[in-house]
Amino acid sequence: MPPCFGVHAVNGTFGFLSASRLLALALTWIFIPTIAESSEANQGASDVFSLLKEESVSTALRREQPISQAPSNVYVITAEDIRHSGAVDVPTLLRRIPGIEVMQVTGADFNVSVRGNNQLFANKLLVLVDGRSVYIDVQGFVFWKGLPITLPEIKQIEVIKGPIAALYGFNAYDGVINIITKTPDEMKGSTLQVGGGEIGTVSTSTIHAGSTGKFRYRVSGGYDQTHQWRDRDSPALRSSKFNAQIEHLMPDQSNLTLSSGLVHMDPHDGPVVGVGNTILTPEVILPYVNLSYDRPDFFLRAYWNGFFAEAVALPHPLLQPFITITDRGGNSNLGFASNTYNIEGQHSVSIGNMGRLTYGLNYRYNTLSCDCTSSFGREHRLGAYVQGEWTPFRSLTVIGGLRYDLHSEINPTYSPRLAVLYTPVAGHTFRAQASTGYRPPTLYETFQDVRLTPLVPNPLLPSSSAVLGSRNLRPEEILSYEAGYQGWFYRHRIRVRADFFYNRTSNLIGRSSTGAVTTTLNTDKTEIYGGEAGVEFQASSWLTGFVNYSYQHIRKNIEGLARRGAPHSKVNAGLRAEWLNGMSSEIVLHYVGPATYPLSDSFDFFNVSPGGRVSGYTLLNLRAGYRLWEQDIGDGLRRSAELAVSAFNVLDDHREHPLGDLIGRRIMGWLTLKF
C-alpha cells in the first residue's frame with residue numbers, strides 16, 4: 001500500500017516535518033508513480049488492472065483529442081456502458097453523468113438539461129447525431145424516444161456541460177450532446193437485438209454493415225413500444241425507424257458520406273408543457289437527409305430535417321373537466337409541418353509548432369406551418385466563427401473563440417469562449433473557462449396563437465382567452481464560468497474529476513397574462529452555482545465502478561413558468577462485473593433530491609393543483625447477462641450471442657415532476673446476436 005494511505009506515516013511525522021516537506025512527500029508519493037504509470041499506459045503496456053483507456057473526444061474542438069485536453073467539461077458514455085446498462089433509451093443512460101438533469105414525465109416524454117435548467121418542454125440543450133442537429137429548432141425540444149438511431153449502433157455519447165456556442169452557435173446554451181455512431185467497418189456483419197418485458201415494452205434493432213471496393217455501407221431498422229405508466233393497457237409510444245448510410249473512400253484520407261432515414265411514431269404520449277397542456281401526437285414523422293465531405297482539417301456538410309405531426313392539444317388530465325385548448329377556429333387537432341435546411345463548413349490550419357487556427361461558416365433556414373400559429377413562420381440564420389489554440393509550453397494551452405450570428409428575427413449576437421488548460425505533471429489537468437451562449441426565440445414562441453376556453457361559464461373567467469407569441473422577443477442568454485480538474489492515479493486504476501461552476505442566465509422566455517390575453521415575453525435573470533465531483537475505478541480485472549455527486553443552488557430566481565426548479569443534491573453510483581466465463585452484471589443507483597417546479601395558475605384557480613414539490617427519489621437499475629457463444633473472426637470483429645435480463649426502477653414508484661406520471665418498475669429480457 002502506498003505510504004500516503006498509512007495512518008502511522010502522518011501520526012508519526014506530522015509534528016516534525018514542515019508544511020513544505022509534507023507537500024513534497026505528498027507529491028512524491030502520488031504524482032511520481034502516476035507519471036511513470038501514465039507513460040507506460042500510453043505506450044500500450046498490457047495490465048489487467050488498468051482502468052479503461054483515456055477516451056478520445058471530438059465534440060469540444062470538432063476534432064479528435066484526449067478527453068483530458070478538452071477545453072470543456074466532457075463526459076463519455078461508451079458502447080460498453082450502453083450494452084451493460086439494459087437501457088431502452090438515451091436519457092436513462094445520461095442519468096449517470098453528474099450535473100445532467102433527466103426528468104421522465106410520461107412513458108414517451110423525457111426532458112434533459114444541465115445544472116438546474118430543467119423544465120417541462122426543456123429547450124436549452126443542443127443534441128446531435130454524428131454532428132447533425134436533431135434539436136427541433138421551430139419548437140425548441142428533442143424527441144428523445146424518436147432519435148434516428150438504434151442503441152447498438154452507438155459508438156459513444158459525448159456530453160459537454162456548459163455553453164459552447166462559440167463553435168456550435170444557437171441552442172448550445174446548456175451544452176451539447178453528440179451521439180456518435182459506429183462506422184460500417186466497426187459494425188461489419190449483422191447485429192440483431194430483441195428486448196421485451198413489462199409495461200408493454202418492446203425494443204428491437206437490426207443492423208447490417210459491410211463494404212464493397214471503396215464503398216462502405218450500413219443499414220439499420222428498429223421498433224420500440226411502451227405503454228403508459230398511468231394506464232398500462234394503453235400505448236404511450238410505438239416507434240419505427242429506418243436508416244441507411246453509404247461512404248465512399250477517396251484519396252488523401254477523404255471520404256464522402258450520404259445518409260438518410262425516417263422515424264415514425266404513432267402515438268407519442270406528450271410532451272407535457274408548462275401551462276398544463278398534454279400534447280398527444282397520434283402521428284409524428286421525422287425524416288432527414290445528410291451529405292458530408294470530410295478530410296483532415298476540413299469538412300463540408302449539408303442536411304435537411306423534416307418534422308411533420310398530427311397532434312391533439314389537450315389540457316392536463318386534472319384540467320380536462322374545466323377547459324379546452326384549440327386553435328383560433330376552435331379545433332383541437334393541430335397539424336405541424338416544419339423544414340430545416342443547413343449547410344456548414346470548417347477548416348483548420350496549424351501555425352508553427354505552438355498554434356492552430358480553426359474557422360467556419362454555417363447557414364440555416366427554418367420554416368413552420370401550424371394551425372396553432374398566426375401565420376407561416378420562417379427564419380434565416382447565418383453564423384461565422386474563429387477559434388485559436390496556443391500552446392506556449394507543454395504544460396499550458398490557451399483556447400479562445402468567437403462566433404458572430406445573424407438571425408432574421410433578433411439582433412446580431414456575439415458568443416465568446418476562453419479556456420486555459422494547465423498540466424503540471426502528466427495525467428493531471430486543471431481547466432478554467434468562461435463562455436457565453438444564446439437560445440433564440442423559436443418560431444412557435446414568435447407566432448403562437450391558441451385559445452383556452454372554459455367548459456362551464458364562470459363570471460371570473462373570460463369566455464375565451466388567447467395565448468399569443470411575440471415578434472419582440474430577445475434571445476435567452478447565459479454567461480458561464482467554470483473551473484475543473486481531471487487526474488489519473490495508480491496505473492490508471494482511478495480517475496478523479498471535480499468541477500465548479502457559476503451560471504447567470506437572463507432574458508428567459510416566459511408568459512404574462514392581462515385579462516383575456518396571455519403574451520409570451522422576456523423575464524428577469526437567475527443565477528445558479530454549484531459543483532460536481534466523481535471517481536471512476538477498477539477494483540480488479542473483473543470489477544469496475546463509479547460514484548459521483550453534484551450540488552447546485554439557485555441563488556436568484558424569477559417568477560412565473562420560467563422559474564427554475566432543480567434538486568440541490570444528486571448522487572450516482574454503479575458497479576460492473578464481467579467474468580471470463582461470459583457472465584456479466586451491473587448495478588446503477590441514482591439518488592435525486594427533492595425539488596419544486598412552477599405550475600400554471602389554472603391548477604390553483606380550479607383547486608386541482610397537485611402542488612409544485614416533488615419528493616426525492618432513489619432509482620435502482622440492474623442488469624445481468626451471459627454470453628452463450630463468442631468467436632473471433634479477425635480484424636477486431638467477433639461473433640457472439642448474449643442473453644440478459646434487466647430491471648428498471650427496482651425500489652419504488654416515484655414522480656419526477658408534479659404533472660408527471662407515477663414511474664413504476666419494468667423488467668425485461670434481452671437477446672443480442674452478432675454474426
Side-chain angles (χ1 to χ4, degrees), residues 119-123 136-141 268 270-284 306-316 319-320 322-340 365-381 407-410 439-455 458 461-476 507-523 560-562 598-602 605:
Q119 61 190 74
L120 293 177
F121 217 65
N123 54 18
I136 308 295
D137 283 342
V138 297
Q139 280 199 292
F141 71 101
H268 181 279
V272 177
V273 301
V275 293
N277 301 35
T278 299
I279 303 175
L280 176 63
T281 44
E283 184 177 57
V284 181
F307 165 43
F308 308 101
E310 295 297 325
V312 180
L314 299 171
H316 188 271
L319 294 175
Q320 286 179 15
F322 307 104
I323 60 175
T324 62
I325 303 172
T326 67
D327 62 12
R328 299 186 306 277
N331 184 14
S332 293
N333 296 316
L334 309 176
F336 290 83
S338 165
N339 294 279
T340 294
Y365 176 60
N366 289 318
T367 68
L368 173 63
S369 175
C370 180
D371 306 322
C372 53
T373 57
S374 58
S375 64
F376 179 79
R378 68 183 73 195
E379 64 182 16
H380 300 268
R381 303 178 180 184
H407 189 295
S408 56
E409 294 292 328
I410 61 174
R439 187 191 75 86
T442 66
L443 287 174
Y444 185 74
E445 290 168 330
T446 302
F447 295 101
Q448 180 185 9
D449 189 354
V450 299
R451 300 293 183 270
L452 304 181
T453 305
L455 289 174
N458 188 318
L461 292 175
S463 58
S464 179
S465 60
V467 181
L468 304 177
S470 172
R471 300 195 70 171
N472 296 317
L473 296 172
R474 299 186 300 277
E476 296 181 329
N507 295 329
L508 294 175
I509 295 175
R511 288 191 170 95
S512 178
S513 297
T514 304
V517 178
T518 298
T519 306
T520 305
L521 77 173
N522 291 104
T523 62
L561 290 174
L599 300 179
S600 168
D601 293 340
S602 299
F605 183 86

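Count residues from 1 along the sequence. The shown structure was predicted, so the numbers you read here are calculated from the model rather than taken from an experiment.
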Legend entry - side-chain contact (heavy atoms from CB on, under 4.5 Å) between F336 and C372, worked out: CA-CA 9 Å; F336 290 83; C372 53; 3.7 Å; yes

Inset, instruction - Please lay out, stage by stage, how I325 and L314 fare under the test side-chain contact (heavy atoms from CB on, under 4.5 Å). - result: CA-CA 6 Å; I325 303 172; L314 299 171; over 6 Å; no

Inset, instruction - Could you walk me through whether T442 and V138 pass side-chain contact (heavy atoms from CB on, under 4.5 Å), step by step? - result: CA-CA 5 Å; T442 66; V138 297; 5.8 Å; no

Inset, instruction - List the steps, then state whether side-chain contact (heavy atoms from CB on, under 4.5 Å) holds for S512 with T519. - result: CA-CA 5 Å; S512 178; T519 306; 5.6 Å; no

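Using a 4.5 Å heavy-atom threshold, the side chains of S470 and L521 count as separate. Taking 4.5 Å as the limit, some side-chain heavy atom of Q448 sits within range of a side-chain heavy atom of R511. Two residues are said to be in side-chain contact when any heavy atoms from C-beta on lie closer than 4.5 Å; Q119 and L561 fail this criterion. Taking the side chain as every heavy atom from C-beta outward, F376 and L443 never approach each other to under 4.5 Å. Residues L368 and T373 are in side-chain contact: their nearest non-hydrogen atoms beyond the backbone lie under 4.5 Å apart. Put simply, the side chain of T518 does not reach to within 4.5 Å of the side chain of S465, judged on heavy atoms. Here the side chains of H316 and S602 are not in contact, with every heavy-atom distance at 4.5 Å or above. A 4.5 Å side-chain heavy-atom check between C370 and F447 finds every atom pair outside the cut-off.
Atoms CG and CD1, from L473 and I410 in turn, are 10.0 Å apart once rounded to the nearest 0.5 Å. Rounding to the nearest 0.5 angstrom, the gap separating the OG1 atom in T367 from the CG atom in N339 is 4.0 Å. From R451, atom CZ reaches atom OG of S332 across 13.0 Å, with rounding to the nearest 0.5 Å. Once rounded to the nearest 0.5 Å, the distance linking CG of N472 with OG1 of T446 reads 9.5 Å. To the nearest 0.5 Å, atoms OH (Y365) and CZ (R381) are separated by 13.0 Å. Atom CG of residue L452 and atom OG of residue S513 lie 9.0 Å apart, to the nearest 0.5 angstrom.
When each of R474, R439, R471 is paired with E445, the salt bridge (Lys or Arg N to Asp or Glu O under 4.0 Å) condition holds for R439 and for no other.
Closest heavy-atom contact between F121 and Q139: CE2-O, 3.3 Å. In plain terms, the two heavy atoms of A562 and G510 that are nearest each other are CB-CA, 4.2 Å. Heavy-atom minimum distance, L468 versus D449: CD2-OD1, 3.3 Å. Among all heavy-atom pairs drawn from R328 and S374, the shortest one is NH1-CA, 3.6 Å. Contact detail for P315 and T324: the closest heavy-atom pair is CG-CA, 4.2 Å. Across every non-hydrogen atom of P475 and P441, the tightest pair is CA-CD, 4.0 Å.
Open room surrounds CG on D601; 12 or fewer heavy atoms of other groups in view lie less than 6.0 Å from it.
D371 places a side-chain N or O within 3.5 Å of a backbone atom of G335 that can act as its donor or acceptor partner. Formation of a donor-acceptor pair under 3.5 Å by the T281 side chain with backbone atoms of H268 is found in this model. Under a 3.5 Å cut-off, the side chain of E310 and the backbone N or O of N333 do not form any donor-acceptor pair.
Relative orientation of the F141 and F307 rings is perpendicular, given thresholds of 30° and 60° on the angle between their planes.
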